[in-house]
S.K.: 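Quick one: structure below, then a few questions.
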Number of protein chains: 2
Amino acid sequence: MFEAHFQTFEEPESGVALAARLAAFREELARRKLTGFVVPRADQQQNEYVAPSEERLAWLTGFTGSAGMAIVLTREAAVFVDGRYTLQAAKQVDKKAWHIEPLADPPPETWLASHLAAGDRLGFDPWLHTSAAAERLAAACAKAGAELVAVDSNPLDQVWTERPAPPLGPVSIHGVQFSGEIEAEKLKRIRHEIHKLGAEALVLSDSHAVAWTFNIRGADVSHTPLPLSYAVVPKDGRPTVFIDHRKLSNLTRDHLEQSADVRDPDALVAELTALARAGAAIALDSATAADALSRLIATAGGKPLRGNDPVSLLKAVKNLTEIDGTRTAHQRDAVALTRFLAWIDREAPSGALTEIDTVEALETFRRRTGALKDVSFPTIAGTGPNGAIVHYRVTRKSNRRVAPGDLLLIDSGAQYEDGTTDVTRTIAIGAPTDEMRDRFTRVLRGHIAIARAVFPEGNTGAQLDSFARQYLWQAGLDFEHGTGHGVGSYLSVHEGPARISKLGTTPLKRGMILSNEPGYYKTDAYGIRIENLELVIGADVAGAEKPVNAFETLTLAPIDRRLIDVNMLSATELKWLNDYHARVNRAVRPHLDDNATRLWLDEATAALLPL
Amino acid sequence: MFEAHFQTFEEPESGVALAARLAAFREELARRKLTGFVVPRADQQQNEYVAPSEERLAWLTGFTGSAGMAIVLTREAAVFVDGRYTLQAAKQVDKKAWHIEPLADPPPETWLASHLAAGDRLGFDPWLHTSAAAERLAAACAKAGAELVAVDSNPLDQVWTERPAPPLGPVSIHGVQFSGEIEAEKLKRIRHEIHKLGAEALVLSDSHAVAWTFNIRGADVSHTPLPLSYAVVPKDGRPTVFIDHRKLSNLTRDHLEQSADVRDPDALVAELTALARAGAAIALDSATAADALSRLIATAGGKPLRGNDPVSLLKAVKNLTEIDGTRTAHQRDAVALTRFLAWIDREAPSGALTEIDTVEALETFRRRTGALKDVSFPTIAGTGPNGAIVHYRVTRKSNRRVAPGDLLLIDSGAQYEDGTTDVTRTIAIGAPTDEMRDRFTRVLRGHIAIARAVFPEGNTGAQLDSFARQYLWQAGLDFEHGTGHGVGSYLSVHEGPARISKLGTTPLKRGMILSNEPGYYKTDAYGIRIENLELVIGADVAGAEKPVNAFETLTLAPIDRRLIDVNMLSATELKWLNDYHARVNRAVRPHLDDNATRLWLDEATAALLPL
């Protein structure tokens, strides 16, 4: 009945031929007179989801996590992973061939410093590292008396015989009915930013920025409608989009050519070289631009200006069309979510469901809206102890039965053409314990504190983050992730530059969409997270001395009342909850066609009364 | 009856001979082939309070604010001040001779860039700027094709004929009954930090650090018992203290010589040069070390390691003796404050008092404790509109009568040998308006949110700052200063490195003392601030998963109940207030010898009841 089209549950391959791959790679390095090489988990644009052709780290080491790095030296080799992947790496990687080391605290550079010898030549592919990362590697090499060598072609690709072809997902037009602003207007605003930077041109090295600027979407990577591409926008004159022609139909080519020249990606190097030859300052996004771009600009006599891509901030502030779209998308998603939550409540108590069943059902309910383009990330469905693994992703092997007494944490999202959603609900299967209800209510109070926050224009996410944590802190608890991230408009579900986190230094602007997702995780026991998306809006406060902002909650889905200890809520918090549930009911009920789900919704959204 | 010994109310001089001074200074610059010079408001150690001999900016320009800078060029000259001093500068400075420019946004370097000509030689005294500041000046000069020239002797001192002699305040021993740790133990901990830095030696360029390390105090500047001095602590071996011998008695010299060599300040250059000659890495405090120190180390062949002075953090964490001392000091201060507040309530409603009267009375009540060494800063006593000036300091000219209907804001502190205090109370004179009570209650709720905060070990002040602002934000209001600063132990009332502010990135550690002082300022109408000092302590939370901290409130003085709108307080907030007042009553009442003040205290600390 239910199935998932956009998510798989297979264990990644492991062990197969990996020893032979490492040996072949080392031979290739020796042929090139290199004594080592750095293999990051990265594509040319530092994307979160990378194409199979870019999964060099997994191919070489077996490790399939979404962040990591390998360093191969003549005699030793190490895989670097962060804390959430330590266990997974230990399972996937052959420990006879590889050390497993931390990706931070200390960073790989520390390992390098003690394993490189004077005279070593450590190779790296400058297309796969930002300049800042390359500079860190260079400093570590210099410390050891070794040399960092930028290669022209990646030696790993040389030995990766069965390497998949790069993706050729068809490009589509993201019409003005969704984008709300034509390319010419966006380009006008971008040129204004280029002038402010004092640059001759701006390189869009982030495909998200290209997609936003030229109102196109693509299908090159999972879960994000990215058209892998580059663009160069000169301060005056016509921009160029660099994209594989095979991804374009006549229609999309015509669309692009209305505002840009269209060339194949190989042409980028020549065009940048030509631009830089005049001694021009060329702006690059320090977060996504490959070190190779800075190098080629500098080599040609130009001046790379590395900084924050101005498009990132323009894109983060949604216009009225995008805001209307996201409201519609959330309304649609709410109906699917309600059907799903009602189904869970019906099916789970018997103990018949597994985590994978829930993922398949949720995707199916969303697909039945007729508007689902993709899930916005692989659904995290963790029951019991699996819920405590923050980045859990269910596989056939880890798949766990949803048992009475469990908390089931489901974090999921949808890509609709009018908006991207991201929502987490935690569901009590059977009777929850008092501790679970205490923890859930503390998380909920933090969630409400963010949802209700009123704050001056110019405030950053860092200035709000603690509101989400205060009630956990009071019990000596916390959660080890940020409170919220930016969300794109039919683009990446993790979008910069703003976030709600102690590191969130970008001011929150009206029109930004951020997640509000405090949690609590008890290792080996259960996980709790409550996540809604929030839109930054102006707040109408009588007598205000400065412009103030607030959040409009976009996500509409019942929050499990069985997990709430009403005694712990203030009157204001209880009112927020009841108002929210009334709003969910009003938005969803008219779209339900069966009585059972209507009844379920009425109960799930009924007002809670103080005891 | 009342008088102030530690604070004056005179207007600074203005106009007198200033034009002649500027002309003489320009002649001296011309003699030295300089086309300009930078005159910061700074001494060699970037102290907050500087000796009269260091008031170069005031002597040259007439501007007497506590922060600022002048730049004199051949034809033009500018005084740079921050927003709080714009009006004062406009009054004090001759606008025919000087432009008045912002000290930040944009910084003076921007002005320089557009006023320097290629070939200009801009002089600066490297003893009066940190290296970071010197680098900013150098970059601005380079941009304009000009040269930044470090002078050997300050040309302004050459023409400042009546320049006061440097202070020679006698040094005293800060006994172990107050400091709680002997010098040898402190030096052991400092050497451990020097080892961690990988340095051969650490320069204590901050007199506060010298005072703390060697358990001495001085009398060289106002309000802070600083012994102006330097020290050099080698990673092994005996440190040297550089201090004018005339400030030492036999007793204090003997005390110092138990743990250090004692030399005159002139010897510092030779000793650092000798140390640096061996190519040694020498650690310097980037916040206080003069650029001249870095230069002389580098010139001698050493390596200046600029960073955070490790003594700053050691000093900020108070030991048990210091904590006991500060509790005693606050208890003593509380009795004086109570007498003062009772006196205000008795005298002010008739309209008989002025701001200066209140300052004199408060100092007198404190002096009568028999333990007052100094006020810890000039008391801010602002009634009505003067209360809205955050850094207001009353003079005979600005002195305002305390009138019925006013709010009177009094921010003051005491230096006792066992501790430094800092407290602000806002007092209703006659009946306050509803708006005043609303604003006061919002400020109070923020104050209570900080006082009651519970937070994980490792949290920074930035993670708490918003708690103080949230109720003001809800009404579209805010205050434009940090929520709190660190406080020394019979040292500076403004002590780093921790603070409660969006810029406070230092983790709060148990034993630190911080102010909690949210406020609200209505320009031309009134000011509100409620300030207590808070000690960071461990919190005992059942079931905590990590170490958690909280605050113990040190300051004990009634908070004006007439300004509180009980309806706006939560039950928890009301309980905090009533508990606090009960504690104040218990601590102060036994020390009162007159019935009238006892009655006043009972009333001022009586429990408020919910309406």
Side-chain angles (χ1 to χ4, degrees), chain A residues 388 434-435 438-439 442 449-450 452-480 483 500-505 507-508 520-523 525 538-550 568-573, chain B residues 388 434-435 438-439 442 449-450 452-480 483 500-505 507-508 520-523 525 538-550 568-573:
Chain A
D434 286 349
E435 183 193 276
D438 175 89
R439 302 309 187 242
R442 288 177 191 277
I450 296 289
R452 291 190 62 246
V454 176
F455 48 92
E457 172 77 15
N459 256 37
T460 66
Q463 291 178 275
L464 301 183
D465 182 65
S466 298
F467 290 149
R469 302 175 191 273
Q470 55 187 324
Y471 305 105
L472 289 164
W473 288 351
Q474 284 169 8
L477 313 171
D478 201 356
F479 55 95
E480 304 301 325
T483 298
I500 303 174
S501 140
K502 64 181 175 180
L503 303 172
T505 54
L508 304 186
Y520 169 74
Y521 310 92
K522 182 160 177 165
T523 307
D540 193 16
V541 176
E545 293 179 353
K546 43 175 67 189
V548 283
N549 295 332
M568 292 170 64
L569 297 185
S570 73
T572 323
E573 289 163 344
Chain B
D434 286 350
E435 183 193 275
D438 175 88
R439 303 308 189 242
R442 289 179 191 277
I450 297 289
R452 291 190 63 247
V454 176
F455 49 91
E457 173 78 14
N459 256 38
T460 66
Q463 290 179 276
L464 301 183
D465 183 65
S466 298
F467 291 149
R469 301 176 192 273
Q470 56 187 323
Y471 305 105
L472 288 164
W473 287 351
Q474 284 170 8
L477 313 171
D478 200 357
F479 55 95
E480 303 302 324
T483 297
I500 303 174
S501 140
K502 65 180 173 180
L503 303 172
T505 54
L508 305 186
Y520 169 74
Y521 309 93
K522 182 160 179 167
T523 307
D540 194 16
V541 176
E545 294 179 353
K546 42 175 69 189
V548 283
N549 294 332
M568 292 171 65
L569 298 184
S570 72
T572 322
E573 289 163 343

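All values derive from a computational prediction rather than experimental measurement. In what follows, chains are A, B, ... by sequence order, proteins preceding strands, each numbered from 1. All heavy atoms count here, side chains included; hydrogens, waters and symmetry mates do not.
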S.K.: Is a side-chain N or O of B:S466 found less than 3.5 angstrom from the main chain of A:L464, in a donor-acceptor match?
M.R.: no

S.K.: With rounding to the nearest 0.5 angstrom, report the CZ to CG distance, A:R469 to B:N459.
M.R.: 9.0 Å

S.K.: If you take all heavy atoms of B:D478 and A:P456, which pair is closest and at what distance?
M.R.: OD2-CG, 3.8 Å

S.K.: Just say parallel, tilted or perpendicular for the rings of A:F467 and B:F467, cut-offs at 30° and 60°.
M.R.: tilted

S.K.: Of the non-hydrogen atoms in A:A475 and B:V541, which two are nearest, and what is the gap between them?
M.R.: C-CG1, 3.4 Å

S.K.: Side chain, backbone, both or neither: which part of B:V454 has a heavy atom under 4.5 Å from chain A?
M.R.: both

S.K.: Find the distance between CG (A:L472) and NZ (B:K546) and round it off to the nearest 0.5 Å.
M.R.: 10.0 Å

S.K.: Under 4.5 Å from any heavy atom of chain B, what part of A:Y520 do you find: side chain, backbone, both or neither?
M.R.: side chain

